Amino acid sequence: MEHGAAPGTETSARAGEQPPDRNLALELVRTTEYAALAAARWIGLGEKESADGAAVDAMRLLLHTVRMDGVVVIGEGEKDEAPMLYNGEHIGDGSPPHVDIAVDPLEGTTLTARGLPSALSVIALSERGTMFDPGPCVYMRKIAASNKFAHLLDIDRPLPETLRLIAREKGTDIRDVVVILLDRPRHEEAVREIRQAGARIRFITDGDVSAALHAVTPDSPVDLLWGIGGTPEGVIAAAAIKCIGGRILGRLHPRDEDERRAAVEAGYDLDEVLDQDRLVGGSDAFFAATGVTDGDVLQGVRYEGAEGATTESLVMRSRSGTVRRVHARHDRFKLREITGERVG
């Protein structure tokens with residue numbers, strides 16, 4: 001939302017502000033690559049805070065070299081909780097275009113610390129005033145699928161019925177329908193419903209954005225993302241979906257009565273169904289993600305001897321619909337020379 005505007009209100013770029021006129025995703029991927037390289041040195045060491053801190057430091061360092069005037073709408077938290085990449089922080093060199101930014105320098109801190117699959121470094125960007133600000137609402141109920149099943153999504157329809165509709169659309173038995181969702185106690189009832197309907201489940205321990213990408217990618221073995229997960233991750237996933245295609249629907253899900261009251265007092269409509277165009281408005285969204293650990297969507301950082309490393313990234317823009325998969329080889333010694341920071 002535009003700062004000072006009503007909650008979640010989509011606005012066009014303000015008068016005099018320059019919208020994006022170049023493919024910023026191609027510049028942003030440098031920031032996710034650098035964050036991934038920094039976080040990857042902590043894979044399997046059991047220190048998720050250190051891994052996250054390394055990714056945040058690296059991403060912020062490179063973001064300040066990007067030609068843009070960005071405001072962090074989805075970041076590491078409020079300023080008093082997060083010294084860097086906090087909500088409301090201005091990022092970039094201060095020149096146009098004026099944009100909203102959502103970052104997750106390390107999606108999957110626990111995955112990284114434990115050496116588990118599907119940790120990513122991600123960033124999304126859209127025109128100033130077009131990105132949904134979740135305010136006090138940490139969680140939202142989500143459902144997402146590829147273009148093939150987008151027309152079947154309904155957040156209020158019973159889940160088993162949606163699964164049967166997907167099976168019919170696929171022309172298969174419902175046993176061939178796969179749902180990806182977080183392995184959490186709050187999903188126990190949904191797990192029973194899915195299994196009683198006959199569909200299969202792919203559990204994840206963390207990684208909402210990676211799971212959403214998996215669900216909306218054409219020809220993916222996963223048909224549907226469902227569950228209650230992070231609202232910030234929902235906004236980031238929406239930016240990716242505007243680029244790659246598919247659909248996401250969400251509804252804010254307060255954790256308790258205090259959070260519900262805070263959301264209502266702030267003007268949020270807790271009954272509203274939020275789609276990707278409501279979560280990320282405008283016509284020019286950008287998304288970049290780099291794998292930290294190996295996963296279904298992206299290969300993780302690989303080291304080549306003492307000084308080399310490779311990364312795999314997704315780079316996308318909604319206006320053109322272009323989706324690039326970028327394989328890069330990095331000279332870690334040269335990166336250290338350029339930035340003055342230690343990477344790997």
Side-chain angles (χ1 to χ4, degrees), residues 25 27-66 70 72-79 81-87 89 91-92 101-125 204-213 230 232-233 235-237 239-240 286-295 297-303 309-315 326 328 330 332 335-336 338-344:
E27 300 173 51
L28 297 175
V29 73
R30 296 187 301 118
T31 74
T32 58
E33 287 174 342
Y34 195 52
L37 287 164
R41 296 305 291 162
W42 296 93
I43 292 173
L45 295 180
E47 299 183 33
K48 65 179 184 178
E49 290 83 7
S50 297
D52 190 48
V56 171
D57 289 346
M59 178 174 280
R60 186 174 185 268
L61 180 72
L62 277 239
L63 274 173
H64 277 301
T65 70
V66 179
V72 177
V73 177
I74 303 286
E76 292 293 286
E78 300 304 317
K79 185 176 182 179
E81 301 170 357
M84 291 188 292
L85 295 181
Y86 56 84
N87 299 348
E89 182 177 4
I91 291 292
I101 298 174
V103 298
D104 197 343
L106 182 56
E107 194 217 17
T109 56
T110 300
L111 298 176
T112 303
R114 298 181 61 191
L116 296 173
S118 298
L120 302 175
S121 175
V122 296
I123 186 168
L125 183 151
I204 55 170
T205 58
D206 296 281
D208 276 15
V209 176
S210 177
L213 285 170
E233 289 82 357
V235 175
I236 295 172
F286 304 84
F287 176 89
T290 301
V292 177
T293 59
D294 287 346
V297 177
L298 288 167
Q299 177 181 290
V301 174
R302 303 281 179 89
Y303 294 103
T310 62
T311 56
E312 184 181 32
S313 305
L314 280 176
V315 185
V326 178
H330 307 270
R332 292 151 66 194
L335 280 177
R336 291 195 291 268
I338 293 168
T339 64
E341 298 287 323
R342 176 171 177 78
V343 178

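Just so it is clear, the structure is predicted and the values come from calculations on it, not from any experiment.
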Heavy-atom side-chain proximity of Asp294 to Arg302 below 4.5 angstrom:
yes
When rounded to the nearest 0.5 Å, the distance separating CD1 of Ile236 from CG of Leu213 is 10.5 Å
Go through the structure and list residues passing side-chain hydrogen bond (donor to acceptor under 3.5 Å, both in side chains) with Thr32, not counting sequence neighbours.
Thr290
Report yes if some heavy atom in the side chain of Asp206 is under 4.5 Å from a heavy atom in the side chain of Glu107; otherwise report no.
no
Would you give the length of the straight line joining atom CZ of Phe287 to atom CG of Leu314, rounded to the nearest 0.5 angstrom?
7.0 Å
Donor-acceptor pair, side chain of Asp208 and main chain of Glu233, under 3.5 angstrom
no
With side chains defined as the heavy atoms from C-beta onward, is the minimum distance between Arg41 and Tyr303 less than 4.5 Å?
yes
Any donor-acceptor N/O pair, Asp52 side chain to Thr109 backbone, under 3.5 Å
no
State the CG-CD1 distance between Leu111 and Ile204, to the nearest 0.5 angstrom.
8.5 Å
Once rounded to the nearest 0.5 Å, what's the spacing between atom CG of Leu125 and atom CD1 of Ile91?
11.5 Å
Check: Thr311 and Leu37 side chains under 4.5 Å, non-hydrogen atoms
yes
Close side-chain approach of Thr205 to Thr110, heavy-atom, < 4.5 Å:
no
Where the side chain of Ser121 meets the backbone of Pro105, is there a donor-acceptor pair that is under 3.5 Å apart?
yes
Backbone N or O of Gly300 within a donor-acceptor pair of the Glu312 side chain at under 3.5 Å?
no
Go through the structure and list residues passing salt bridge (charged side-chain N to carboxylate O under 4.0 Å, His left out) with Arg60, not counting sequence neighbours.
Glu89
